[in-house]
Number of protein chains: 2
Amino acid sequence: MSAGHTDVTTDPVVSCAEECGVRDVQDRLGDKWTVHVVVELASGPRRFRELQRLVTGVSQRMLTFTLRRLERDGLVTRTVYPTTPPQVEYELTGTGHSMTHLIKQLIDWSLDHRAVIGRAREEWDAKQT
Amino acid sequence: MSAGHTDVTTDPVVSCAEECGVRDVQDRLGDKWTVHVVVELASGPRRFRELQRLVTGVSQRMLTFTLRRLERDGLVTRTVYPTTPPQVEYELTGTGHSMTHLIKQLIDWSLDHRAVIGRAREEWDAKQT
DNA sequence: CTGCATCCAACACGATACTG
DNA sequence: CAGTATCGTGTTGGATGCAG
């Protein structure tokens, strides 16, 4: 594809990577649980227990952490219904939903290049004897 | 943009998040140095030393690691010029360049929501007394 | 200049136990 | 059910020194 990079200086991705608060998004997208939780919440509001069941392997601790952080950043809302037993519902906000699209991009890219990368990886590993 | 999510139960982000090798991409996008390096390489081939200067704060160890991993996955090429002193040049491959776009998405989103998230965060912190 | 190996501190994460 | 607190551990990442 884009071979022949005669002019390599024409890919203005960005000039500020760290300064623009990208780190926050990185941290979130790089976090296994965050992505999982957002994906689950994308299809509608969920209760705590429900999420823990849906997001396989997550510990109670990490789920709480993840939800708190998402809540703090205004990506999910936390609604407490004062019933017995207590019931808490988590739901994506508008901003939260917009992150959903971002995650979609991520997944699409990974699906697109998964095979190529896998092959490259095998070749490389082979060459390392 | 995509506001007005009246139907929350129809956001088919994805059905498999972990199974499809998304973790790999996550790891890479979540990695501070990887993103930085790719961004720097986006504007053209760079030498090792050059990268270390460009990517402020990276240790030699991490730069090597990062480059090796990128090389392994076929995202960058490593060309050795047998001169004295030795000269090694790193360059993004086609796949590598495509990741550039993904990173762009990331940065765009972060720029778009940076303010909102920041405000939400402050409010949340304030409420925590 | 480029790269690898070792040591060491920090932190993230999981498991567990306990409260409302 | 929902959430907090504590402890043990494994991985990450920086600093340093040495080699090609």
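We name chains A, B, ... by the order of the sequence lines, and we start the count at 1 in each one. Since the structure is predicted, the reported quantities are computational estimates derived from the model, not experimental observations.
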Requested in this report: Look at Tyr90(A) and dG3(D) and indicate whether a side-chain polar atom (N or O) is within less than 4.0 Å of OP1 or OP2.
Outcome: yes

Report task. Would you please confirm or rule out a distance under 4.0 Å between OP1 or OP2 of dA2(D) and any side-chain N or O of Arg47(A)? Result -> yes

Query - Arg46(B) to Phe48(B), cation-pi by 6.0 Å centre distance and 45° axis angle - result: no

Query - Ionic contact status for Asp27(A) with Arg69(A), cut-off 4.0 Å - result: no

Query - Arg68(A) and Glu71(A) ion-paired at < 4.0 Å - result: yes

Atom-pair distance ([atom1] on [X]; [atom2] on [N]), nearest Å:
X: Glu89(A); N: dA2(D); atom1: CD; atom2: C1'; result: 14 Å
X: Glu50(A); N: dC1(D); atom1: CD; atom2: C1'; result: 12 Å
X: Asp27(A); N: dT12(D); atom1: CG; atom2: P; result: 15 Å
X: Phe48(A); N: dG20(C); atom1: CZ; atom2: P; result: 18 Å
X: Leu51(B); N: dG3(C); atom1: CG; atom2: C1'; result: 14 Å
X: Lys32(A); N: dT12(D); atom1: NZ; atom2: P; result: 13 Å

With side chains defined as the heavy atoms from C-beta onward, is the minimum distance between [X] and [Y] less than 4.5 Å?
X: Val76(A); Y: Leu41(A); answer: yes
X: Asp24(A); Y: Ile117(B); answer: no
X: Leu70(A); Y: Tyr90(A); answer: no

Query - Test item: Gln105(B) side-chain N/O and Leu102(B) main-chain N/O as donor-acceptor pair under 3.5 Å - result: no

Query raised in the report: Any sub-3.5 Å donor-acceptor pair from Thr93(B)'s side-chain atoms to Leu75(B)'s backbone N or O?
Result: yes

Report summary line: Residues of residues 57-74 of chain A with a heavy atom under 4.0 Å from any atom of DNA chain C, listed by number, are Ser59(A), Gln60(A), Arg61(A), Met62(A)

**Report entry** Residues from residues 78-87 of chain B lying under 4.0 Å of DNA chain C - heavy atoms
**Finding:** Arg78(B), Pro85(B), Pro86(B)

Query raised in the report: The side chain of Asp31(B) lies closest to which of these nucleotides: dG13(D), dG3(D), dC1(D)?
Result: dG13(D)

Query raised in the report: Among Arg121(B), Arg114(B), Arg119(B), which one satisfies salt bridge (charged side-chain N to carboxylate O under 4.0 Å, His left out) with Asp73(A)?
Result: Arg121(B)

